[in-house]
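The structure appears right after this line, and notes come after that.
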There are 2 protein chains.
Amino acid sequence: MDSADIKLLKEGYLLAALSHQEFEEVLTHAGVFTLMQNECLFDQGDPATHFFFVLSGTVKLCRIAPSGEEKVMDLVRPGHYFAEAVMFMGGRYPVYARVLEPTRLVELDNKHFLGLLRSNADLCMRLMSTMSQRIHGLVNEIDNLTLQSGAQRVIGYLLQQLPEGTAPPSVRLTVPKHVIASRLGIQPETLSRVLAKLRGKHLIDVHDDQIVFNDVDALRCLS
Amino acid sequence: MDSADIKLLKEGYLLAALSHQEFEEVLTHAGVFTLMQNECLFDQGDPATHFFFVLSGTVKLCRIAPSGEEKVMDLVRPGHYFAEAVMFMGGRYPVYARVLEPTRLVELDNKHFLGLLRSNADLCMRLMSTMSQRIHGLVNEIDNLTLQSGAQRVIGYLLQQLPEGTAPPSVRLTVPKHVIASRLGIQPETLSRVLAKLRGKHLIDVHDDQIVFNDVDALRCLS
DNA sequence: GGCGCGCATTGATTTAAGTCAACCGGGTCC
DNA sequence: GGACCCGGTTGACTTAAATCAATGCGCGCC
């Protein structure tokens, strides 16, 4: 773990609650490692012993239906945690985790971290805050899935990816399109058609994984 | 608040972490009141100042789409909390709350409770545990919405309502059917048709809000 | 180069669920 | 009693999205 990594981890919202000494202690209980493209971190149902922080790369969290098809529940990017809530459900990961590209991760030991939580109210507050945000995100997700059309979800997703103040406004899709489709709860074909339609209306231009927005406001009011 | 109420509240998982003295103090900051059928507790977007515990009755938590249609996010029954995660999102309720029948509630003051959390690690642990369960529930919900058919969701819901070891196995729908439909993300007509179909296959019998299961195992393997 | 493979796109078709409309039975109110 | 409303059911029809199938394209590999 180089100094940039440590900086990223330390500045992540959660651990900012720790004193220098506590942070050092966390490091002694933390593992750092790299997974290669498509490697699996844990399977749905595996005993949950750690939670994770992404240093670089992308992690895909999925559910699999009995029928075999999979639904991407979340895509985790550098600077974010995942599976930290599982720590309290005592048991098993409710999703499986796989990386989409070479990905470097920090793993934090649940047992040790629970001990730390007992002695640090600030840390508790921060963890509760992140969990609460996650809940809010999931509620929004359900809202989207039940009250919005596929096209609206696509537009919402694109706008969400849009960084602040770029001109011309554009996004780069960093994950394969079929993964985005699953993330949005639609089929790849449907995603393709939605993008084609938006292109037809000259609201966006698509060049491979690069999407240029011609009229952000118009898109906003469609979502 | 009579002694049965106090017992229910005290035995609810969350507050069991409190000493007798702490519990008494919580009571001094807690309000108890009754809402009549269809009364609104808070609106989506209202500033969140309290969270709640249901003593009796049923609370409906909803989102409203721009189009005006609503999606029931959750139905909260006696012995359970709601809106406790909102406490950390600083701000506003992400759903609106309305009661389906005369309902008695305990309201707990966010500010005071946050203070209590700072001084009581056990309480933190319990709250994190309930939040984590909520997350798990929401993940399952998304799974259901994206990977299962409407019929499967109906069956799953019915089985979930089924109490342990009743013979003959049956459930009583305590909320109007159109509310259940919205809860499941389908239209009332669809719910009606699914039930009719199950009835046609002699898997269940329906008499108004009473549903008798003729073959629980067959239903289980359909869900 | 030629071959195969995976991903994306496009078209044709199917299907699950939504929409629209009619009807029924139970409750309430005049 | 009759008029009304509300919730649920059922039927006819529409529609959004899934499915199936064909094609194209980039890429690695022998």
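Residue numbers start from 1 in every chain, and the chains themselves are labelled A, B, ... in the order their sequence lines are given, proteins ahead of strands. The analysis underlying the following values was restricted to heavy atoms, covering all of them including side chains, and did not include hydrogens, waters or symmetry mates.
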Are the side chain of B/T103 and the backbone N or O of B/T58 linked by a donor-acceptor pair below 3.5 Å? yes

Round to a whole Å and report the spacing from CG of A/D208 to P of C/dT9. 9 Å

Please give, in whole Å, the distance from D/dC6 P to B/Q37 CD? 13 Å

SB check B/E189 B/K177 (cutoff 4.0 Å): no

With a non-hydrogen cut-off below 4.0 angstrom, is A/A196 in contact with a base, only sugar-phosphate, or nothing? sugar-phosphate

In whole Å, what is the span from the CG atom of B/L145 to the P atom of D/dA17? 15 Å

Base, sugar-phosphate or nothing for A/P188? Non-hydrogen atoms, less than 4.0 Å. nothing

In whole Å, I'd like the distance from the CD atom of B/E189 to the P atom of C/dA22. 14 Å

Within the 4.0 Å heavy-atom criterion, would you say A/I186 contacts the bases, only the backbone, or no part of the nucleic acid? sugar-phosphate

Do the side chain of A/R199 and the base of C/dT10 come within less than 3.5 angstrom through a donor-acceptor pair of N or O atoms? no

Let's see if you can work this out: which of D/dA18, C/dA8, C/dA17 has an atom nearest to the side-chain heavy atoms of B/T190? C/dA17

Say whether B/R63 and A/T146, considering side chains only, have a donor N or O and an acceptor N or O under 3.5 Å apart. no

Using a strict 4.0 Å threshold on nitrogen-to-oxygen distance, state whether A/K60 and A/E70 make a salt bridge. yes

Separation of B/I180 atom CD1 from D/dG7 atom P, in whole Å? 14 Å

Could you state the atom-to-atom distance from CG of B/L100 to P of D/dG7 in whole Å? 12 Å

Quick note, B/S149 side chain, CB onward, closest among C/dA17, C/dT9, D/dG8 is C/dA17

State which of D/dT19, D/dT10, D/dG7 makes the closest approach to the side chain of B/H178. D/dG7

Assess B/R104 against B/F33: is NZ or CZ under 6.0 Å from the centre of the six-membered ring, and within 45 degrees of the ring's axis? no

Rounded off to whole Å, could you give me the CD-to-C1' distance for the A/E69 and D/dT19 pair? 12 Å

Would you state whether a donor and an acceptor, one from the side chain of B/R193 and one from the base of D/dG8, lie under 3.5 Å apart? no

OP1 or OP2 of D/dG8 less than 4.0 angstrom from a side-chain nitrogen or oxygen of B/S192, does that happen here? no

Over how many whole Å does the gap from B/Q187 atom CD to C/dA16 atom P extend? 17 Å

